[in-house]
Protein chains: 2
Amino acid sequence: MELFAEDGFEATTVAAIAERAGVTERTFFRYFTDKREVLFAGEEEFEGVFVDAIAAAPEGTSLNGLLVAALDAGGRVLQDLRGRDFARARNDIITANEQLQERELLKLAKLSRAVTAALVARGAGQVPARLAGDLVVSVFGAAFARWVAPGETRDLVELQRDGLAAVSELTPVEAG
Amino acid sequence: MELFAEDGFEATTVAAIAERAGVTERTFFRYFTDKREVLFAGEEEFEGVFVDAIAAAPEGTSLNGLLVAALDAGGRVLQDLRGRDFARARNDIITANEQLQERELLKLAKLSRAVTAALVARGAGQVPARLAGDLVVSVFGAAFARWVAPGETRDLVELQRDGLAAVSELTPVEAG
DNA sequence: GCGCTGATGTCAGTCTCTGTCATCACCTGG
DNA sequence: CCAGGTGATGACAGAGACTGACATCAGCGC
């Protein structure tokens, strides 16, 4: 991340990263499938937080309640694990490069699919579960963007709640 | 697309594509920034359909109405331009390869941003517009997946309408 | 015919990523 | 204490995506 922040992602060669880490290029590729993957290590665990929160919710929880539970759990972990400053630094690197945005979108799409599967396991229908999975990711993404914006002081969890509330105002009774 | 369908995306070299097209590798890269980009040419125009539909809607149209207008227009174009069989063939290639999924997600993210901007231009707030932009893409994606599924006979537009209706049932009154 | 312009070819080179084999530390059983 | 197995690393060679620089050549206006 130091190198990426200094020279940019593309200008930083894998050889340079490996040297800084004190290993060879070959070893780098044994730990990371990809040059981009450096910035996305540990995404599966993050996914697990969302999924577990849905699975652990009390029986009879509404679909809406499951979404709130997943978002709260995910948001809290992200806040507490590394903090906002780290998130900002990482986010700056990613938003500066399309290749990295692609990879992030792929990870988010996987998160959406995981949430969808967890909702289906709780009895939701296929189509609504998929839409809800996308919704979770969308609300998370929008809240995250606000969270790392300069000057923002509110909690990520709070911003997510706010976003979710905005969604329910989006689609009034007369949809379709 | 012939080559991709035969040998798969990764196994197909740019040299092979160029040869089939009767040009050199260098010329290929003058027309496509990327090997993947071959499958995503003309995405800007598709984006334009959504944006134009929003801009062209009669004054006073509700936010919901704008989303319906955008989805209807986009769905219709996709159906009429190349047809379902072409969409299926292309979709098979993309779903078989993660690199291509990444690129598709990036294009969809751009579509979302474009829709967001169009909604903001119609007076929507920043946060709801972003969520609505994501929503449009989400509904489109879910409907498209159903549309290209084997055995499906319904219209893309119809499936989108159906998806949008499912969304409004997702978020009842007591959200947040 | 002259010179301009745009499209293409040629060539050399960088960088990412992969397969293969050698090396070396560490452990384990005899 | 040593033979042999195992896992991590290094060393190399090579394929393939992409880029920059320059050459070529057809078509066009003058």
Side-chain angles (χ1 to χ4, degrees), chain A residues 1-47 89-111, chain B residues 1-47 89-111:
Chain A
M1 281 209 18
E2 290 169 19
L3 292 169
F4 290 159
E6 279 171 34
D7 310 330
F9 176 77
E10 292 202 47
T12 305
T13 72
V14 173
I17 301 171
E19 192 190 4
R20 175 73 67 99
V23 296
T24 62
E25 215 175 309
R26 193 65 185 87
T27 298
F28 173 90
F29 282 113
R30 278 194 261 256
Y31 283 87
F32 303 100
T33 58
D34 225 49
K35 181 180 164 188
R36 307 182 220 172
E37 205 61 19
V38 190
L39 287 163
F40 298 93
E43 283 284 310
E44 325 76 42
E45 302 149 33
F46 185 57
E47 213 176 278
R90 180 171 169 282
N91 191 248
D92 287 346
I93 295 170
I94 292 175
T95 50
N97 185 282
E98 280 210 341
Q99 291 182 56
L100 292 173
Q101 288 172 48
E102 285 187 337
R103 180 56 51 84
E104 177 156 80
L105 289 166
L106 184 67
K107 299 292 185 182
L108 289 175
K110 285 182 178 174
L111 175 60
Chain B
M1 282 209 19
E2 290 169 20
L3 291 170
F4 290 157
E6 279 172 32
D7 309 330
F9 176 76
E10 292 201 46
T12 305
T13 72
V14 173
I17 302 171
E19 193 190 5
R20 176 73 68 97
V23 296
T24 62
E25 217 175 309
R26 192 66 185 87
T27 298
F28 174 90
F29 282 113
R30 279 195 259 256
Y31 282 87
F32 304 99
T33 58
D34 225 47
K35 181 181 165 188
R36 309 181 217 171
E37 206 60 20
V38 189
L39 286 163
F40 298 93
E43 284 284 309
E44 325 74 45
E45 301 151 32
F46 185 57
E47 215 177 276
R90 180 172 168 281
N91 191 248
D92 287 346
I93 295 171
I94 291 174
T95 51
N97 186 281
E98 279 210 340
Q99 291 181 55
L100 293 173
Q101 288 171 49
E102 285 188 336
R103 179 56 50 87
E104 177 156 78
L105 289 166
L106 184 66
K107 299 292 187 184
L108 289 176
K110 284 182 178 173
L111 174 59

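Numbers restart at 1 for each chain; the letters A, B, ... are given by sequence-line order, proteins then strands. Just so we're clear, the structure is a prediction, and the values are computed from it rather than from any experiment.
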So what does F28(B) touch, heavy atoms closer than 4.0 Å: a base, only the sugar-phosphate, or nothing?
-> nothing
State whether T27(B) places a side-chain N or O below 4.0 Å from either non-bridging phosphate oxygen (OP1 or OP2) of dT8(C).
-> no
Could you state the CG-C1' distance from D7(A) to dC15(C), rounded to the nearest angstrom?
-> 15 Å
So does E19(A) have more than 12 non-hydrogen atoms from other groups sitting under 6.0 Å from CD?
-> no
For atom NZ of K35(B) and atom P of dC17(C), their distance in whole Å | 13 Å
In whole angstroms, how far is the P atom of dT9(D) from the CD atom of E19(A)?
-> 17 Å
So what does F32(A) touch, heavy atoms closer than 4.0 Å: a base, only the sugar-phosphate, or nothing?
-> nothing
Any salt bridge between E10(B) and K35(B), counting N to O under 4.0 Å?
-> no
Basic-acidic side-chain contact under 4.0 Å: E2(B), R20(B) = yes
Closest-nucleotide 5' rank along DNA chain C - winner of R26(A) and V23(B) | V23(B)
State whether the distance check finds a donor on one side and an acceptor on the other, under 3.5 Å, for side chain R30(B) versus base dG9(C).
-> yes
Report yes if a side-chain nitrogen or oxygen of Y31(A) is closer than 4.0 Å to either non-bridging phosphate oxygen (OP1 or OP2) of dA8(D); otherwise report no.
-> no
F29(B) atom CZ is separated from dT8(C) atom P, nearest whole Å, by 15 Å
What integer distance in Å separates E25(B):CD from dA12(C):P?
-> 15 Å
Please confirm whether R90(A) makes a cation-pi placement over F4(A), using NZ or CZ under 6.0 Å from the six-membered ring centre and within 45° of the ring normal.
-> no
For R36(A) and dC15(C), give me the distance from atom CZ to atom P, rounded to whole Å.
-> 18 Å
d(CD, E37(B); P, dA17(D)) in whole Å = 16 Å
